[in-house]
Undergrad: 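This is the structure I want to talk about, given as structure tokens.
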Amino acid sequence: MTEQTGLEALSSESRRFDPPADVAASANVTAEVYEQAAADRLGFWEEQARRLQWDTEWTSALDWQPPYAKWFVGGRLNVAVNCLDRHVAAGSGDRVALHWVGEPEGDTRDLTYAELLRQVCMTASALTELGVQAGDRVCIYLPMVPEAVISMLACARIGAAHSVVFGGFSAQALVDRITDAGAKVVITADGGYRRGAASALKPAVDEALKRCPDVTSVLVVKRTRQDVEWTEGRDHWWSDLVDRQPESHEAQAFDAEQPLFLLYTSGTTGKPKGILHTSGGYLTQAAWTHWAVFDLKPDSDVYWCTADVGWVTGHSYLVYGPLANGATQMMYEGTPDAGGRDRWWSIIEQYGVTLFYTAPTAIRTFMKWGDDLPGGRDLSSLRILGSVGEPINPEAWMWYRRVIGGERCPIVDTWWQTETGAMMISPLPGVTSTKPGSAMGPLPGISVDVVDGEGTSVGKTGGGFLTLDEPWPAMLRGIWNDDARYRDTYWSRFPGRYFAGDGAKWDEDHVLWLLGRVDDVMNISGHRISTTEVESALVSHPKVAEAAVVGAADETTGQAIVAFVTVKGTVGDAESGGDAFAQELRDHVAKEIGPIAKPRQIVLSPELPKTRSGKIMRRLLVDIAERRELGDVTTLADPAVVKAIDDSMAAAAGAKR
Ligand code: WTA
């Protein structure tokens, strides 16, 4: 959680920016939209669903058997047709859908809507040739290349659900996700470009598939041209299989509740859960929120969401929302500092980006790098700035507004989750005023309620747990293969309400502030990682006896992973403070989960602080990790343990400095 000090919170709570007159004058929506949705919530969502093209209209907007929702019951549509064919049919085939920028300088591709459609059609036929049918699952493990978008839409076109696995995840993480989803086909690449070099992807797939006997085919994009191992009969080059397919493909309409994708995300227990999203309601909310919250003008805007397609933001706001709206957008393969720390700003300058969507971690990193880098580029094309993934602290918000937005662009801080599928809480530019660090309030058609520990609403004053008390179109339809977990995780803490896992509070002006997770999920650079997942990875190392993992506040990444570990016997380099062993453990976690889950710090300790009933005292470990004054430790079985851990933490910090 990015904690604000009381003073900062006070000053930003009272600071307010009104919607700029020029934005208000031409905004896609007006304040009336809130009243309209409040008066007739379902009617409001039906109107937004009509922005899409349906083959058969629905018979009722919502069938709600808590906690199971069906939206636009009986309606039929094809998601890919909505993202492509209808724009081409409307005469926008020559409009650029994707300005793709590879990490190596000068490596670019522009794909118009007509060209993207052609490629999606060919890929849809290729998947059919590999035996993929409606209802099947396809695993996509790709870098940020156009083929990632093409593959997702090709699955949607034939009614298969995709399960995109972030390219930074390990072979083991792939095995877990492929097995749980029961995917038969994997789409990957030889590698991709990141941090100035070609990195490999196919070896992780080869490694994973040794343990996934049900995968029959692998489709491989040639991106870096590095050597890859090849399994005859199973592996197919994209350039062979896709390129020889017919250029058109007759799309069939599917039920509004046809599964569109699974996306695995971390929960409070060890195993990641496959969040299930379906078609009609999801696309309705992704498209409407993208259009309204970014005030999208498809003819003139150039939109850029910096998220990777491996995360939900990439799904809803790089693929489905923008393409359903016929937007022209950027897609960038690499890291922000590849080819210079002003790479992003040079892309904005070169392509005249008008709408920009990124995460607070990135903003804080740029703050550290200094004002000169963005200052040296012409960013005057920007109109609206978005933030997502974690709470944005008021300082970062103000910097974003001043240095990137030239004090001119409204900022939309958008709160939502993998589970919600689309934005839920956000200002509307041109309509809502904004306060630095606040997501302001629920979007039209969305109902939130902050409750206390007993589940009683706090009204519109005070803080507590964020819940959603009405179903919404893009809501998850369940956890793949685990209905009990679905009910338990989201619907049991406060019966009848969806519990998001976040804390929130209303301020004096009835404006909403998101306060971060209140469960064991950490938020590292906007990526969700569970403490138990990292703990399981650590204890799978033969020398680890016990591990406790906490998220500690971090200036740049929001939270950072700190692991407290007790070992079996002694470690080889004990005299040198165990540095080599700690590194070995960090690498082990990277291998088990992925580099993003590597602890920032590993503290080797003789014991972990436990209550007399044997429960690890996490709160205390957070205090230790954040080097805070330690409170009452009298409930501990052995208070001396804390002193020992605190000392080794201090020694490690000293060594770092
Ligand atoms: C956090 C990312 C504060 C929150 C779209 C949530 C935020 C989790 C915000 C979901 C925001 C996301 N302000 N916190 N604007 N956006 N979060 O599933 O804790 O990767 O529960 O979805 O990120 O993360 P997820």
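Index from 1, following the sequence. Keep in mind the model is a prediction, meaning the values are calculated, not measured. Remember, it's 1-based here, ligands and their atoms both numbered in the order they're listed. Only this structure's heavy atoms are used, side chains among them; waters, hydrogens and symmetry mates stay out.
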Undergrad: For the residue pair Tyr303 and His290, does the interplanar ring angle fall in the parallel (under 30°), tilted (30 to 60°) or perpendicular (over 60°) class?
TA: perpendicular
Undergrad: Against His315, only a single residue in Phe166, Phe261, Tyr320 fulfils ring pair (Phe, Tyr, Trp, His ring centres under 6.0 Å); can you say which?
TA: Phe261
Undergrad: Parallel, tilted or perpendicular: which one describes the rings of Tyr498 and Trp472, with boundaries at 30° and 60°?
TA: perpendicular
Undergrad: Report the nearest protein non-hydrogen atom to atom 4 (C) of ligand 1: residue, atom name, distance rounded to 0.1 Å.
TA: Asp502 OD2, 2.8 Å
Undergrad: For atom 11 (C) of ligand 1, which protein heavy atom lies nearest, and how many Å away is it?
TA: Glu390 O, 3.5 Å
Undergrad: Any ion pair linking Glu592 and Arg586 (charged N to carboxylate O, less than 4.0 Å)?
TA: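 Judged by the 4.0 Å cut-off on N to carboxylate O distance, Arg586 and Glu592 do not form a salt bridge.
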Undergrad: Any atoms of ligand 1 less than 4.0 Å from a non-hydrogen atom of Pro391? List them with their elements.
TA: 3 (C), 13 (N), 14 (N)
Undergrad: Name the orientation class of the two ring planes belonging to Trp369 and Phe366 (parallel below 30°, tilted from 30 to 60°, perpendicular beyond 60°).
TA: perpendicular
Undergrad: Does an N or O from Thr418, backbone or side chain, lie closer than 3.5 Å to an N or O of ligand 1?
TA: yes
Undergrad: Can Phe294 and Trp304 be said to form a ring-ring contact (aromatic ring centres under 6.0 Å, His included), step by step?
TA: CA-CA 11 Å; Phe294 281 105; Trp304 184 13; over 10 Å; no
Undergrad: Taking the basic N atoms (NZ, or NE/NH1/NH2) and the acidic carboxylate oxygens, is any pair closer than 4.0 Å for Arg364 and Glu390?
TA: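 Judged by the 4.0 Å cut-off on N to carboxylate O distance, Arg364 and Glu390 do form a salt bridge.
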Undergrad: Give a yes or no on whether a salt bridge exists between Asp482 and Lys271, defined as a side-chain N under 4.0 angstrom from a carboxylate O.
TA: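 Lys271 and Asp482: not salt-bridged.
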Undergrad: When you compare ligand 1 with Glu419, is there at least one nitrogen or oxygen pair between them that comes in under 3.5 angstrom?
TA: no
Undergrad: Output the list of atoms in ligand 1 that are nearer than 4.0 Å to some heavy atom of Asp413, sorted by atom number.
TA: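 Near Asp413, the atoms of ligand 1 are 11 (C), 15 (N).
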Undergrad: Are Gly501 and ligand 1 in contact, using a heavy-atom cut-off of under 4.0 Å?
TA: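 The answer is no: ligand 1 sits nowhere under 4.0 Å from a heavy atom of Gly501.
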Undergrad: Nearest protein heavy-atom contact for atom 24 (O) of ligand 1: which residue, which atom, what distance?
TA: Arg528 CD, 3.1 Å
Undergrad: Can you name the atoms of ligand 1, numbered from 1 with element, that are less than 4.0 Å from a heavy atom of Val388?
TA: 5 (C)
Undergrad: For the 3.5 Å polar cut-off, considering only N or O atoms, please tell me whether Thr265 and ligand 1 meet it.
TA: no
Undergrad: Please list, in number order, the atoms of ligand 1 under 4.0 Å from a heavy atom of Asn523.
TA: 1 (C), 23 (O)
Undergrad: Give me the residue, atom name and distance of the protein heavy atom closest to atom 16 (N) of ligand 1.
TA: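 Of the protein heavy atoms, Gly389 N, 3.1 Å lies nearest.
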Undergrad: Tell me whether Arg497 forms a cation-pi arrangement with Trp491, defined as NZ or CZ under 6.0 Å from the six-membered ring centre and within 45 degrees of its axis.
TA: no
Undergrad: Which of the numbered atoms in ligand 1 are under 4.0 angstrom from any heavy atom belonging to Thr313?
TA: 5 (C)
Undergrad: Is the ring pair Phe465/Phe494 parallel, tilted or perpendicular, if the boundaries are 30 and 60 degrees?
TA: tilted
Undergrad: Would you mind running through ligand 1 and noting each atom that sits below 4.0 Å from a heavy atom of Thr414?
TA: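 Taking each heavy atom of Thr414 in turn, ligand 1 has 9 (C), 11 (C), 15 (N), 16 (N) under 4.0 Å.
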Undergrad: Below 4.0 Å from any atom of ligand 1, is there a heavy atom belonging to Trp311?
TA: no
Undergrad: Report yes if Ser387 has an N/O atom closer than 3.5 Å to an N/O atom of ligand 1; otherwise report no.
TA: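 Among all N and O atoms of Ser387, none is under 3.5 Å from an N or O of ligand 1.
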